[in-house]
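Basis for what follows: all heavy atoms, side chains included, without hydrogens, waters or symmetry-related copies.
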Amino acid sequence: MSGSGAAPGPGSGSSSGSGSSSAACRFAHYFVLCGIDADSGLEPDELAGENFDQSPLRRTFKSKVLAHYPQNIEWNPFDQDAVNMLCMPKGLSFRTQNESKDPQFHSFIITREDGSRTYGFVLTFYEEVTSKQICTAMQTLYQMHNAEQYSSVYASSSCSMDSLASSIDEGDTTSLLKLQRYNSYDINRDTLYVSKSICLITPLPFMQACKKFLIQLYKAVTSQQPPPLPLESYIHNILYEVPLPPPGRSLKFYGVYEPVICQRPGTNELPLSDYPLHEAFELLGLENLVQVFTCVLLEMQILLYSQDYQRLMTVAEGITTLLFPFQWQHVYVPILPASLLHFLDAPVPYLMGLQSKEGTDRSKLELPQEANLCFVDIDNHFIELPEEFPQFPNKVDFIQELSEVLLQFGIPPEGSLHCSESATKLKNLVLKDLVNDKKNGNVSTNNISMYELLKGNETIARLQALAKRTGVTVEKMDLSASLGEKEKNLKLQCEEAELRDYQLNVQLREVFANRFTQMFADYEAFVIQTAQDMESWLTNREQMQNFDKASFLSDQPEPYLPFLSRFIETQMFATFIDNKIMSQWEEKDPLLRVFDSRIEKIRLYNGRAPTLRTSIYQKCSTLKEAGELFRHRLSAVDIVAPEPHELCAERQEVDTQSIEQRLMKMDHTAIHPHLLDMKIGQGKYEQGFFPKLQSDVLATGPTNNNRWVSRSATTQRRKERLRQHSEHIGLDNDLREKYMQEARSLGKNLRQPKLSDLSPAVIAQTNWKFVEGLLKECRMKTKRMLVEKMGHEAVELGHGEANITGLEENTLIASLCDLLERIWSHGLQVKQGKSALWSHLIQFQDREEKQEHLAESPVALGPERRKSDSGVMLPTLRVSLIQDMRHIQNMSEIKTDVGRARAWIRLSLEKKLLSQHLKQLLSNQPLTKKLYKRYAFLRCEEEREQFLYHLLSLNAVDYFCFTSVFTTIMIPYRSVIIPIKKLSNAIITSNPWICVSGELGDTGIMQIPKNLLEMTFECQNLGKLTTVQIGHDNSGLLAKWLVDCVMVRNEITGHTYRFPCGRWLGKGIDDGSLERILIGELMTSASDEDLVKQCRTPPQQKSPTTARRLSITSLTGKTAKPNAGQIQEGIGEAVNNIVKHFHKPEKERGSLTVLLCGENGLVAALEQVFHHGFKSARIFHKNVFIWDFVEKAVTYFETLDQILDNEDDVLIHKSSCKTFCHYVNAINTAPRNIGKDGKFQILVCLGTRDHLLPQWIPLLAECPAITRMYEESALLRDRMTVNSLIRILQTIQDFTIVLEGSLIKGVDV
């Protein structure tokens, strides 16, 4: 909620009295009076959404700023519209003598466009209307209203009052009559009252002090005795003569009747927060507050809802205070005036407060979008959270620790009495049918009259008794009560209560601060500081990575990850890290300075040992000393105002000098209120009416008595004060300004929306900013998703270290879903359902299906049909937006629209169709026009095209964000077996079978219908597919089968895997195998290949090619054999890939099967070693395989077993031989029809798993059969090569290798 534009620094103030630099150090900047303008009369407030069915007393009328002093301060210009709206957010409120006219206090905040804040504190009270003209106007409005009501009552069969009466017990008819009387006005019988507000605007949130000052002013107006001095004296005093206390000091100044003390925390303490946190905890309850706090940390949209403005402000300020050391970076409007409801349409994170009308419930509230909304109904103690919501780390222990603190102060953690269930029920009983009684005044609900109505109620009596016992007061304090004994006791109680409030505030804040100090104790180690100077850093800020997110997360306890992975993506965390980097070149941000000093303290306590990241909860240890400074400051006030004195015109000069002398002696002083040089007869006192103030004496401060700004104390003190001022008020030198404009706006879509001008042009401009912001956010998100996913290629292209983890990927995709929901809910005509995107898709589906009935709609075809030399292929998969929606609609696991929309986005992203689908959705222009207003993002042609283009860039990388998240759903698969027809029968007589395995499970053995090469089957999500086992039972005459490959496609995601084979299945041919294990590779579609070429992304780990799988005596026999150097390099590469695999975080590792059995895998590399120099000539027309050599070695070891002696070395040798023989025999006797090459693969896999390969290789190299079966030059006959091979294989000894079940099924070792 912004008042003015960016404000210049403190030094740039004008030299005039009101705008001079002295204002920088004043306690208050403005005093404001708002109310009814007698000249312009009763003006309805159209912007507040006028309801003419309401009785005139309940309607909204425009208020005006009647006066404000001084006229202007140059660097904090007065924004009349904003202040008027926030002083009286619902406009003027009228009452008659029958109704409660208790004064009400509330506060507000104005955030300027540069991020700095000003605070407003308002006391609203009722004053009798003296203008005959206004009373007559009200009477006329009532006559018109009654005539309308009369005719409508006769028109309808039942009177609204009948239903009202029936809902209240008969005994309450008197209260009904009272209510009827409250709702009417008769100029001859009734006295009319109207609301008026007095307000102080200050640079710092000294809420308690301002509240006391305003209450004393109000008492002076209503008291029977006139105040000691004219009111102008007190207002002049607080505006011009009371200084802002420096950090770490306390201040005493004077109100009308008694002094007021306030204090400001020192530079090493938590920043000033004067809002009682216990109220926020009582209003929401501890559990709810922690949940809302988590939503704020994750920068969701938070909407607070209450009838009471001060409650909205207390909760908003309370929660943002607890964010230390972070700061909310987005739209912050704790009180949203009725005229600005369109702000709820903002497609950005926001924290806003909305006043609820009496008697209206949540269901009647039309909110533009709810997919990412946290709705907080303060009065009913109820919150609605977004879906996919991570819990705050150690939430249970955290809540337990906070409960202990609250209970020490007598506050129940579940929240306080007034929002307990019984109280709410009671309230609803009376309010049930009083919808007509829509009070809309700035003054919240009519406490006294409700209380009157229920006086005889038993429940109330019980509640009161309970309240007395627990120390909660039910009735509000009557501000106009006369001073007496009670008041003195009350005053003492108030002071004690205030001290307790402050101590509780400090302790609660310490517990929250301690959580962040523990969680981010070593954040500094992960800050990436690459820039040499500030200029170059600011210039390249957008391209740079400032924080090593992947390393930070890998260092955190597992339970913290869901929350932390999302939190480190927020704007508040980015700004925090930016501030850290900036602190190299300029003064540290105050919050960061305090936070860093706390981390330093922790390190000292821990003896500088690096803290091990642990999920064990560590309680806050600083609670005892937390409140001590406050007590000390209260008992020894630093700054005291001198006693009051008279001040008349002719003595002004003398007095100014004496004040100066007094100021010189004292350290820092506020002047007591005194008589001003006023015209005779002005400042006249009239009980119950706020006087018309003399503007000439209040417009400017004294000419030269502001010596507390410029007196020659010491230059150091002045510097310190200026520095503190710039810290707290957020105004600094040009550099800081530039930084705020450039760095902080990154990712932030829009600064505070402007309040003052509400013309259609300005609203359009605001929406245009939203559109630009959304587009920028889309660009940043897609770029980040690409950079993170493209790994080392991205690093080569200069994007900085990119190492994405599955967790991080999931976080980025979740934030993309949020962004799309926000885009789809911007500028909606009418909201339908919680997800704007899903609602749009459903309406699109309805229209398309209607057209399909009329005529068969054309469907975009997928990639070209995949052909093989056999002519068998997978039928083309239709690319259809509607089909993808149906897949999601068939998933019974997803219960909500928001969930369906997210699943659909994930599916489209995985299929690389997100951009295409959304383009198709938006191509239906009549539908888009019907659903969206002209200014909506989706109707801005150019931006929409750019947005779709950014999404298109995501097709450059592979996401498995659907497959990996929905692991339990049933998925249809289609498989095709492609034989090589030239060399084999297309038809076989035996019975073939297939078993498909993936990262999440396998299908089990499935029989393939005879002579059918294609089949579809449905099973639970297998994840990424890894292997296919294929075989047959060798029955019949035509039992030999040469298979080129097997293709399997996931029919939902369209992912197609190719499992190359290129080998025979049959006895007496090739290696005699009746079954084979095939390793899969994911196929890229034609359109993807072009994109991949453009992006130069490294290819995925390939699966084995046909050439590799064929034996050395293969079909062609002509494959080029690798030389010894290439073979050794291949072994090194294969082992290196396995080592790298285990150095990745567990969730990111991918398939180990491919690294063992795929192309360039360990099995293939060892096959090359064993094939080198292998005598492969046909012996008696039979092929010779490596397995034949292995079996010969086993025969030799078994005979050797009987001969050897029992020496130690020999024993070790014997046990190695024994295990080797045991493994080979187990593979040979397994109930599987695996060929010789397949058996060698199993042996290598088992040897790798059980860390036996380094023992087996030397045995085989020394076996006598080697001389018969290998050439002299073979690698296995070279001692040095064998030793180097053993050393390489030993590097994977430390890893726990788990083999996929399909690789070793049936082998029992």
Side-chain angles (χ1 to χ4, degrees), residues 106-107 109 207 273-324 328 332-336 350-356 361-362 365 367 370 373-386 389-392 395-425 427-428 444-445 467 470 472 501 504-505 507-509 511-512 515 563:
H106 80 271
S107 49
I109 189 168
M207 185 195 80
S273 167
D274 212 14
Y275 287 82
L277 279 175
H278 77 86
E279 285 184 21
F281 279 87
E282 284 176 332
L283 288 165
L284 292 184
L286 175 51
E287 171 101 18
N288 282 350
L289 188 128
V290 170
Q291 296 286 57
V292 176
F293 175 71
T294 311
C295 287
V296 173
L297 282 170
L298 298 177
E299 297 187 335
M300 296 173 169
Q301 292 180 320
I302 293 95
L303 183 63
L304 308 175
Y305 193 60
S306 170
Q307 288 191 39
D308 186 314
Y309 297 123
Q310 189 57 13
R311 281 186 189 177
L312 294 172
M313 196 71 189
T314 301
V315 172
E317 280 291 289
I319 287 176
T320 50
T321 295
L322 297 172
L323 293 174
F324 168 87
W328 179 256
Y332 182 60
V333 190
I335 296 174
L336 187 66
Y350 59 66
L351 176 49
M352 299 206 226
L354 184 63
Q355 196 211 25
S356 56
D361 61 347
R362 159 81 176 91
L365 191 62
L367 296 173
E370 296 177 46
L373 180 78
C374 169
F375 180 81
V376 185
D377 186 342
I378 298 174
D379 302 338
N380 292 315
H381 207 56
F382 162 76
I383 59 172
E384 266 176 40
L385 293 168
F389 175 73
Q391 297 299 335
F392 191 72
K395 183 179 138 193
V396 176
D397 300 307
F398 183 46
I399 285 179
Q400 179 57 37
E401 184 179 8
L402 288 167
S403 300
E404 287 165 17
V405 174
L406 289 169
L407 287 167
Q408 277 178 356
F409 287 83
I411 290 158
E414 64 279 1
S416 67
L417 180 78
H418 68 253
C419 30
S420 69
E421 209 178 326
S422 49
T424 311
K425 273 185 189 161
K427 191 169 128 197
N428 291 349
S444 70
T445 57
T470 55
V472 180
D501 277 1
L504 176 59
N505 264 22
Q507 291 199 16
L508 289 169
R509 291 173 75 193
V511 174
F512 276 84
R515 279 318 309 123
F563 170 81

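- Counting only heavy atoms from C-beta outward, the side chains of Leu298 and Pro390 approach each other to under 4.5 Å.
- Of all non-hydrogen atoms in Pro276 and Asp501, the two that sit nearest each other are CB-OD2, 4.0 Å.
- From Tyr350, atom OH reaches atom CG of Leu303 across 5.5 Å, with rounding to the nearest 0.5 Å.
- Put simply, the side chain of Glu317 reaches to within 4.5 Å of the side chain of Ile109, judged on heavy atoms.
- Residues Leu286 and Phe281 come closest through the heavy atom pair CD1-CE2, 3.5 Å.
- Between the side chain of Thr314 and the backbone N or O of Ala280, no donor-acceptor pair lies under 3.5 Å.
- Contact check for Leu323 versus Phe512: no side-chain heavy atoms found under the 4.5 Å cut-off.
- The structure places CE of Met300 at 8.5 Å from CG of Leu385, a figure rounded to the nearest 0.5 Å.
- Side-chain atoms of Val292 and Cys374, non-hydrogen and from C-beta on, do get closer than 4.5 Å to each other.
- The ring pair (Phe, Tyr, Trp, His ring centres under 6.0 Å) check on Phe324 picks up nothing, with sequence neighbours excluded.
- The aromatic rings of Tyr305 and Phe375 sit tilted relative to each other, their planes meeting at an angle between 30° and 60°.
- Within the 4.5 Å cutoff, no side-chain heavy atoms of Met207 are placed close to those of Met313.
- Using a distance-only test at 3.5 Å, with no hydrogens or angles considered, no donor-acceptor pair links the side chain of Gln391 to the main chain of Phe563.
- For Ser306, the side chain to side chain contact (heavy atoms under 4.5 Å, CB included) partners two or more places apart in sequence, or in a different chain, are Asp308, Arg311, Leu312, Ile378, Asp379.
- Not counting sequence neighbours, Tyr275 has no partner by the ring pair (Phe, Tyr, Trp, His ring centres under 6.0 Å) test.
- A donor atom on one side chain and an acceptor atom on the other are found under 3.5 Å apart for Gln400 and Glu404.
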Intermediate values then yes/no, side chain to side chain contact (heavy atoms under 4.5 Å, CB included), Leu508 and Phe409
CA-CA 11 Å; Leu508 289 169; Phe409 287 83; over 6 Å; no

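- Between the side chain of Gln355 and the backbone N or O of Gln307, at least one donor-acceptor pair lies under 3.5 Å.
- The residue from Leu284, Ile383, Leu277, Leu283 that alone fulfils the side chain to side chain contact (heavy atoms under 4.5 Å, CB included) condition with Leu289 is Leu284.
- Pro334 has its side chain out of reach of Leu304: every pair of non-hydrogen atoms, C-beta onward, lies at least 4.5 Å apart.
- Relative ring orientation between Phe392 and Phe398 is described as tilted, the plane-to-plane angle lying within the 30° to 60° band.
- The CZ atom of Arg515 sits 14.0 Å away from atom NZ of Lys395, with the distance rounded to the nearest 0.5 Å.
- Between the CH2 atom in Trp328 and the CG atom in Leu297 there is a gap of 9.5 Å [rounded to 0.5 Å].
- Distance CG/Leu351 to OH/Tyr332: 6.0 Å, rounded to 0.5 Å.
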Would Leu402 and Val290 count as a side chain to side chain contact (heavy atoms under 4.5 Å, CB included) here? Give the steps.
CA-CA 10 Å; Leu402 288 167; Val290 170; 4.2 Å; yes

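- Between Ser107 and Gln310, the shortest heavy-atom contact is N-OE1, 2.7 Å.
- Taking both residues in full, the closest heavy atoms of Leu406 and Pro413 are given as CD1-CA, 4.2 Å, listed atom of the first, atom of the second, then distance.
- One finds the CD atom of Glu282 at 10.5 Å from the NE2 atom of His381 (value rounded to the nearest 0.5 Å).
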